[in-house]
Amino acid sequence: MVAALVSFTMLFSGFPEGASGELEIFSWWAGDEGPALDALIKVYVAHNPSVKVNNATVTGGAGVNAKAVLKTRMLGGKPPDTFQVHAGQELIGTWVVANRMEDLTFLFKDQGWMDVFPKDLIKLIGTDKGIWSVPVNIHRSNVMWYIPANLKKWGVSVPKTWDEFFAVADKLKAKGVTPLALGENWTTIHLWESVALGVLGPDKWDALWTGKLAFNSADAINVWKVFGRILDYVNTDYASLSWQQASDLVINGKAAFNIMGDWAAGYFMTTKKLRPNVDFGWITPPGNQGVFMFLADSFGLPKGAKNRTAAIEWLKVCGSKEGQDAFNPLKGSVAARKDSDLRKYSVYSQSAAKDLQSNRVVGSLMHGVVANEGFMNDFQKVMEGFLTNKDADRAARSASDLARKNKIGR
Ligand code: GAL
């Protein structure tokens, strides 16, 4: 009787029994980035008590280290059972073209997800041959964070344009405050995408990725020029700081602003126990008004996964309302599903959810939406070069060569 009742519940909650053994979940959500994933795993374990979860993380923001480890494992025929991957070109242009992923269309149909996820998002994780991952969230890349009490103390207000930023930045510099906190290489690319979006506007940003605007056009050269000016206002030790350490400069009152994705909101709220709109504030970066630059974390099923059954159960939890509403309020992101319960989310996330509905939405470069990993890896070298020589023309020319080599827009 009890057993029958349990199976009945499992059936109707969409989580049938049957998975056992070990499940390796591979991601870069380690340390400070861990609490949201832990909450998701807790939901999984509640539905799959016979599975032993191996939460395999490789530290390093934006997956800079994890992606390299994953590549070695995938190419060596030792894939994890499931792994974190960004929706968009990071998934499609890397692992799907290499024929390493299983088609998950059956799961989307069985779980009724075709109507639950936004159509554009399904397009981004799909090709004409299948649907290749399960999105757990939508993060916003273009957010500028600050501590309202500190701005007040320094007598500055939030800049809306890059020109306003330069004026505010000079004032801050004169007071011995770092205007903009920055971290290691990938965070410079993260900053670059917000600068590019602000300088170019959304149409031209999109045009870079469809091949309609050349990377060596006057517009694109101008992006590097503005970016170079901004670098005059960042902390000098940026190359050695993680994104959390760069955020700490803002929290500790050493720096005024930081442009970072809204996992920073998760860090402020979950790790640092700061209250949104009270202890910390946010605004879209200069020139980014009305545009939401998005990215989505997802999990996929690699071909050859050792515990395919347990991995499929994991993917069900990732796509479920229960899983997404446990994970995202801690992560700083909003659910990828359209039916999440926003009352469970912070005022920051509620505002992001509202902007996502009303803003123009464009894709992130650093976090895998618009370009494949080939371009991204090479672009990191272009950035390294620029950070040393600040030569805008040269950076634009190199980026244009990479775009051709990696078939961007073709
Ligand atoms: C992004 C990822 C986020 C967050 C961030 C910092 O690429 O999508 O979920 O983890 O990196 O590590």
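One-based numbering, in listed order, for ligands and for the atoms of each. Remember, predicted model here, so these are calculated numbers, not experimental data.
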* Asked: Have S133 and S298 got a donor and an acceptor in their side chains that come within less than 3.5 Å?
  -> yes
* side-chain hydrogen bond (donor to acceptor under 3.5 Å, both in side chains) evaluation trace for R275 with N277 -> CA-CA 6 Å; R275 292 160 301 169; N277 247 350; over 6 Å; no
Per-atom contacts, ligand 1 versus [X] - under 4.0 Å to a heavy atom:
{"X": "G61", "answer": "12 (O)"}
{"X": "W243", "answer": "6 (C), 12 (O)"}
{"X": "K331", "answer": "3 (C), 4 (C), 9 (O), 10 (O)"}

[X], any N or O under 3.5 Å of ligand 1 N or O:
{"X": "A62", "answer": "yes"}
{"X": "W186", "answer": "no"}
{"X": "W29", "answer": "yes"}
{"X": "H86", "answer": "yes"}

Does [X] [atom1] have over 12 foreign heavy atoms under 6.0 Å away?
{"X": "K152", "atom1": "NZ", "answer": "no"}
{"X": "R100", "atom1": "CZ", "answer": "yes"}
{"X": "K153", "atom1": "NZ", "answer": "yes"}

Considering heavy atoms of the protein only, find what lies nearest to [atom] and give residue, atom and distance to 0.1 Å.
{"atom": "atom 1 (C) of ligand 1", "value": "H367 ND1, 3.3 Å"}
{"atom": "atom 2 (C) of ligand 1", "value": "D297 OD1, 3.4 Å"}
{"atom": "atom 6 (C) of ligand 1", "value": "E33 OE2, 3.4 Å"}

* Asked: For the side chain of K173 and the backbone of D232, is there at least one donor-acceptor N/O pair under 3.5 Å apart?
  -> yes
* To do: Decide side-chain contact (heavy atoms from CB on, under 4.5 Å) for R397 and D393; before the verdict, give the C-alpha distance in whole Å, the side-chain angles of both, and the deciding distance to 0.1 Å.
  => CA-CA 6 Å; R397 265 200 317 274; D393 292 289; 4.1 Å; yes
* To do: Work out whether the distance between some heavy atom of M366 and some atom of ligand 1 is less than 4.0 Å.
  => no
* Structure fact -> Which of K204, K225, K212 passes salt bridge (Lys or Arg N to Asp or Glu O under 4.0 Å) with D219? Answer is K204
* Answer side chain, backbone, both or neither: which part of L295 comes under 4.0 Å from ligand 1, heavy atoms only. => side chain
* Give the contacting part of H139 toward ligand 1: side chain, backbone, both or neither, where contact means a heavy-atom distance below 4.0 Å. => side chain
* Could you go step by step and tell me if L274 and Y267 meet the side-chain contact (heavy atoms from CB on, under 4.5 Å) rule? -> CA-CA 9 Å; L274 299 177; Y267 178 64; over 6 Å; no
